[in-house]
Amino acid sequence: MTAGTLYIIATPIGNLEDMTYRAVRILGEVDLIAAEDTRHSLKLLNHFDITKPLTSYFDHNQQIKGERILNALRQGKSVALISDAGTPCVSDPGYQLVRDAVAENIPVVPVPGACAAITALAASGLPTDTFTFAGFPPSRQGKRRTFLSGVNKLPGTLVLYEAPHRLIDTLNDIREVLGERQVIVARELTKMYEEFIRGSTSEVIAAVSHGIVRGEVVILIAPGEVAPEESEPLENVLRRLMAGGTLSIKDIAKQAAVVSGVSRSEAYAEALRLKNDLHHT
Ligand code: SAM
């Protein structure tokens, strides 16, 4: 028996007019629709008069449901996978199902459409030639800072998803770990209150600190300044400033960060390390 096809179908991220003709057609043709939240997707499907059997496929039932969906595909049925919004598999369930289908040579057909990360990037005004989409930062501060240190030196624009109630904490950590950069918070994309909050890290923090941030947000961060080839290595600058003996470690780190083109937190950590070394020699 020929296996059915697994369609990965993008749906709107707010504005229903962003549904594609092809998505509507294929959703109306498949044997089964696997949705992250069936009640949520039912509204979308009703809007487009699509009446097809629905099954749930979300983070916590992926293993059991994935096997059932694969079985349907093996039996020649066609299945469409959709998520609550945007492109399935992008910070949404789907990757494991696609991986398993590919492993069994089951045809996988993408049906592209909205994706919040790409929508935000396109209108951000930040460089688009190289960018990193890093999904949701961890919710715990310690892990989040480690995560941000890991992406600090990557070239190009950084694109993150974040929950609105964690936005300010994450922006504060961005300032701490990545320093002042050009930051954009893209809010409620394609919806009535769509907004782009642009500025330096501190300006954006000030702008979002006035009230409660509502709705969905994407955070975009401009590439960091690449230290010019001829800039003095951080350790040399720190040693020179420390030898002066007049500045506090904090001020030394501040000046060294500017001269060496690194973040203040990196300069501070290195300054502490050198200070400790000096004490032990
Ligand atoms: N698969 C989706 C996509 O393709 O964009 C992303 C799903 S992820 C669970 C949800 C996150 O996407 C939100 O927390 C937010 O960061 C971002 N997002 C989704 N819709 C958005 C919108 N209309 N405006 C801004 N951000 C949005």
Side-chain angles (χ1 to χ4, degrees), residues 6-20 22-23 26-27 33-41 43-45 47 56-62 80-99 108-126 128 131-140 144 147-148 151 157-174 183-198 204 207-208 212-221:
L6 174 62
Y7 295 93
I8 309 301
I9 304 191
T11 57
I13 54 170
N15 191 326
L16 289 182
E17 286 179 353
D18 293 331
M19 187 77 169
T20 68
R22 188 167 168 234
I26 294 176
L27 284 167
I33 298 173
E36 188 183 1
D37 176 342
T38 48
R39 272 201 304 185
H40 178 97
S41 291
K43 289 184 206 150
L44 176 85
L45 299 173
H47 181 87
S56 65
Y57 180 79
F58 49 86
D59 275 341
H60 301 293
N61 73 359
Q62 284 191 29
L81 175 70
I82 56 177
S83 62
D84 286 353
T87 303
C89 308
V90 178
S91 293
D92 266 342
Y95 151 71
Q96 291 174 21
L97 181 61
V98 173
R99 179 198 60 195
V108 178
V109 173
V111 180
C115 173
I118 299 298
T119 306
L121 179 69
S124 68
L126 295 179
T128 53
F131 66 90
T132 299
F133 169 66
F136 286 93
S139 52
R140 295 260 176 90
R144 187 163 57 223
F147 163 91
L148 289 170
V151 294
T157 296
L158 184 61
V159 186
L160 302 173
Y161 284 164
E162 190 49 287
H165 63 278
R166 277 199 275 271
L167 178 64
I168 292 179
D169 286 348
T170 296
L171 288 172
N172 278 322
D173 286 344
I174 288 170
V183 168
I184 291 151
V185 171
R187 202 176 74 81
E188 293 287 84
L189 291 164
T190 77
K191 302 185 200 174
M192 191 186 295
Y193 296 108
E194 178 178 273
E195 183 183 19
F196 289 87
I197 305 164
R198 303 168 196 270
V204 171
V208 299
I212 303 163
V213 178
R214 290 185 208 283
E216 300 187 281
V217 292
V218 178
I219 304 173
L220 302 110
I221 305 163

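Atoms within each ligand, like the ligands themselves, are counted from 1 in listed order.
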Minimum side-chain heavy-atom gap D84-D92 below 4.5 Å: no
Just to verify, which of F133, F136, F147 counts as forming a side chain to side chain contact (heavy atoms under 4.5 Å, CB included) with L160? F147
Applying salt bridge (Lys or Arg N to Asp or Glu O under 4.0 Å), can you list everything that pairs with E194, at least two apart in sequence or on another chain? none
Tabulate distances under 3.5 Å between N/O atoms of ligand 1 and N/O atoms of the protein, writing both atom names on each line.
| residue | atom | partner | partner atom | Å |
| --- | --- | --- | --- | --- |
| ligand 1 | 1 (N) | A85 | O | 3.3 |
| ligand 1 | 1 (N) | T87 | O | 2.9 |
| ligand 1 | 1 (N) | V90 | O | 2.8 |
| ligand 1 | 1 (N) | D92 | OD2 | 2.8 |
| ligand 1 | 4 (O) | T87 | N | 2.8 |
| ligand 1 | 5 (O) | A116 | N | 2.8 |
| ligand 1 | 5 (O) | Y161 | OH | 2.7 |
| ligand 1 | 16 (O) | E162 | N | 3.4 |
| ligand 1 | 16 (O) | V217 | O | 2.6 |
| ligand 1 | 20 (N) | E216 | OE1 | 3.2 |
| ligand 1 | 23 (N) | I13 | O | 2.9 |
| ligand 1 | 23 (N) | L189 | N | 3.4 |
| ligand 1 | 23 (N) | L189 | O | 3.0 |
| ligand 1 | 24 (N) | L189 | N | 2.9 |

Residues two or more places apart in sequence or in another chain: which of them pass side chain to side chain contact (heavy atoms under 4.5 Å, CB included) with D169? R144
Is it true that a side-chain atom of T87 and a backbone atom of A114 form a donor plus acceptor pair closer than 3.5 Å? yes
Can you pull the side-chain hydrogen bond (donor to acceptor under 3.5 Å, both in side chains) pairs that have at least one residue in residues 157-166, sequence neighbours excluded? E162-T170
